[in-house]
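A quick write-up on the structure given underneath.
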Amino acid sequence: MVKITRQEVEYVAHLARLDFTDDEKNRFTAQLNDILMYMDVLNAVDTTGVEPMTHAIARTNAFREDIVCESLETEAALANAPERQGPYFRVPKVID
Amino acid sequence: MNLNELTIHELRDKLAAGETTALAIAEAVFRRIDAVESKIHAFISLMRESALEEAAAADRRIAAGDATDLTGIPIAVKDVLCTKGSPTTCGSRILENFVPPYDATVIAKLKAAGAVIIGKTNMDEFAMGSSTERSAFGLTRNPWDLERIPGGSSGGSAAAMAADECIAAIGTDTGGSIRQPASLCGVVGLKPTYGLVSRYGLVAFASSLDQIGPFAKDAEDCAIMLNALAGHDPKDSTSVPAEAPDYRMFPGREAKGWTVGIPKEYFVEGIDPEISAAVNGVIATLERLGVAFREVSLPRTKYCVAVYYIIAPSEASSNLARYDGVRYGFRSAGSRNLIDMFKQSRLEGFGSEVKRRIMIGTYSLSAGYYDAYYKKASQVRTLMRQDFDEAFKTCDALVTPVTPTPAFRIGEKMDDPIQMYLSDIFTLSTNLAGLPGISVPCGYTTTGLPIGVQFMARHFDEGKLLTIASALERETPFEKRRPAL
């Protein structure tokens, strides 16, 4: 049974900003198929009316006072930048 | 005995009595690392220089009468926690040169207690794995058998413990990544309740599941470590605003009169007979101490691998979107434009398992598949948690194996993702339900590989886990054994 095609793998890879070689695309298509087939066991569970669980512990939003706290200095924040220009992160051109 | 082989509480007492110094302990630990690390490869990076400075500072603190239980104690930290000024790689090429500008809250707490941070331990890339074979910086070997894996993803921390290359260690546990390697390496490992320990400065994998916890040589040390780690942190909005107890009161208490549940779904086919026998031995030992056992059912157990391997990759696909080569981390050279740079940097920077999980997660969350995968898994997760609530109505704790098999051979499961995922089958559910769990050494196979037993308790009931672990240790001190290296 085919759960995911090579074309879908290419589409999902683009969504995830990943790119694969042809070999990898074939391998991932087969492996993702196996994994998604395994996930089919969940179809046996009746979840009608069951609330999805998004958090392990019931919590309301954690608000804090709106006060200024210490934050990273510009130089510290830029220290790991692959490329910078003055106080900015530098990237290749956005539009071809 | 060498200083590096002792426990935190033994060293604390020696330090207090003036029988040794923090510097001598740190030197003993680094001597051991120099002697065995080439065989084990538990560490990605060592922090020798800063550690010796911290040890000297600890000695001054002890002399001034200002010591805590952890002052002068050498601790190894999984390389997923930010350490200011020291590389933090997450076992990934994409963070190979990343030097955090701040300390994770748990690192700051350990330092404030006077602990000596000795280095960063190896792990599966971004904590995605069960064997530590998926580190970009080479695999870690199990000190009990160098041809076998130490478990994962915190395999470096567990192996460092078993090889006496540290006194205690920090790991993280998203689906068993503390308890499974603790079990396979014959040490104590605790995964605390979700929200008990701040995750500020922990590189996120799956945010509704990740927890930080200790590896320790015994339950008392585990309590000391948990004391240092637990507590509310305003910098982590999921950290619970409650006062943590002094966990040192729990080891040494009796478990007499408790009821411990045996979830029948955890004792089915596929478990190595030596592991079943060891866990049954634990039950017999605790019965002699006055613990009552009863069979309980967690009927949704068989779905936990499917639920976990939808939810964790979904969250990972979102969390790992930040690795784009812009602000930090690896950037591929010579990209034509921005999108191309994102793709090339991620293609070259991530390993295959990380890409596989990003793909599963992105697919599960994508339009058209969200209801069938992510939402369905989240609903089944609710039912799994209800199963636990039901079991804990009549039980103080639950007992299960930690793993279906002892440590497997290096390479054995590398080409079969589903077989690798199934090695976490007994540890995933506590993360899904947010519960605390502990792995305690409970025996050895005939070939000499460690076996662990897992106890689970209600939310924030870590004290019970420490009590029952210590009760077991007093009867059968398997945690005292160490491999010959």
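It should be emphasised that the depicted structure is a prediction, and the values quoted were computed from it without experimental measurement. In what follows, every chain begins at residue 1, and chains take the letters A, B, ... in the order their sequences are listed.
Interface check for chain B: of the options Leu72(A), Leu36(A), Leu15(A), the most heavy-atom pairs under 4.5 Å are formed by Leu36(A). Ranked by heavy-atom pairs under 4.5 Å with chain A, the list Phe350(B), Tyr303(B), Tyr328(B), Tyr374(B) is led by Tyr303(B). Interface check for chain A: of the options Leu432(B), Leu383(B), Asp416(B), the most heavy-atom pairs under 4.5 Å are formed by Leu383(B).
The backbone N or O of Ala321(B) lies less than 3.5 Å from no partner atom in the side chain of Arg17(A), so there is not a single donor-acceptor pair. A donor-acceptor pair is defined here as one N or O able to donate and one able to accept, closer than 3.5 Å; no such pair exists between the side chain of Asn80(A) and the backbone of Arg327(B). Although no hydrogens or angles enter the test, the distance criterion places no donor-acceptor pair under 3.5 Å between the side chain of Thr362(B) and the main chain of Val12(A).
In this structure, the portion of Asn97(B) lying under 4.5 Å from any heavy atom of chain A is its backbone and not its side chain. Of the atoms belonging to Thr54(A), it is backbone heavy atoms, and not side-chain ones, that fall under 4.5 Å from chain B. With a threshold of 4.5 angstrom between heavy atoms, Leu32(A) approaches chain B through side-chain atoms but not through N, CA, C or O. In this structure, no portion of Glu73(A) lies under 4.5 Å from any heavy atom of chain B. Neither the backbone nor the side chain of Ser207(B) comes within contact range of chain A, judged by heavy atoms closer than 4.5 Å. Within the 4.5 angstrom heavy-atom criterion, no atom of Arg84(A) approaches chain B. Contacts between Arg381(B) and chain A at a heavy-atom distance below 4.5 Å involve backbone atoms as well as side-chain atoms. Within the 4.5 angstrom heavy-atom criterion, only side-chain atoms of Ile418(B), from C-beta onward, approach chain A. At a 4.5 Å heavy-atom cutoff, the contact between Ser366(B) and chain A is made by side-chain atoms alone. Residue Ala13(A) touches chain B through both its backbone and its side chain, counting heavy-atom pairs closer than 4.5 Å. Of the two parts of Met359(B), the backbone and the side chain both hold a non-hydrogen atom closer than 4.5 Å to a non-hydrogen atom of chain A. Looking at Leu422(B), only its side chain comes within 4.5 Å of chain A, counting heavy atoms on both sides. If you measure heavy-atom distances from Phe460(B) to chain A, the contacts under 4.5 Å come from the side chain alone. Both the backbone and the side chain of Leu18(A) come within less than 4.5 Å of a heavy atom of chain B. Residue Ala372(B): no heavy atom, backbone or side chain, is found under 4.5 Å from chain A.
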Next item on the list: In sequence, state the C-alpha distance, the side-chain angles, and the governing distance for Leu347(B) and Glu24(A), and then conclude on side chain to side chain contact (heavy atoms under 4.5 Å, CB included).
Entry: CA-CA 11 Å; Leu347(B) 172 69; Glu24(A) 281 180 317; 4.0 Å; yes
Note to self: Ile35(A) vs Tyr309(B), test: side chain to side chain contact (heavy atoms under 4.5 Å, CB included). Steps then yes/no.
What the structure shows: CA-CA 9 Å; Ile35(A) 292 167; Tyr309(B) 281 97; 5.6 Å; no
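Across Ala56(A) and Ser208(B), no two heavy atoms sit closer than the pair CB-O, 4.1 Å. Residues Gly325(B) and Pro82(A) share a closest heavy-atom pair of O-CG, 3.4 Å. Across Ile57(A) and Tyr194(B), no two heavy atoms sit closer than the pair CG1-O, 3.3 Å. The two residues Ile310(B) and Met39(A) come nearest to each other via the heavy atoms CG1-SD, 3.8 Å. Between Val50(A) and Gln379(B), the shortest heavy-atom distance links the atoms O-NE2, 3.0 Å. The shortest heavy-atom contact between Arg331(B) and Pro92(A) is NH1-CD, 4.2 Å.
For the pair Gln31(A) and Pro417(B), the minimum side-chain heavy-atom distance is below 4.5 Å.
No more than 12 heavy atoms of other residues, nucleotides or ligands lie within 6.0 Å of NZ in Lys84(B), so this atom counts as exposed by the packing criterion. Counting heavy atoms of neighbouring residues, nucleotides and ligands inside a 6.0 Å radius, atom CZ of Phe20(A) exceeds 12 of them. Around NZ of Lys375(B), the count of heavy atoms belonging to other residues, nucleotides or ligands within 6.0 Å does not exceed 12.
Tested against Asp19(A) for a side-chain contact (heavy atoms from CB on, under 4.5 Å), the candidates Arg346(B), Glu348(B), Lys355(B), Lys343(B) yield a single pass: Lys343(B).
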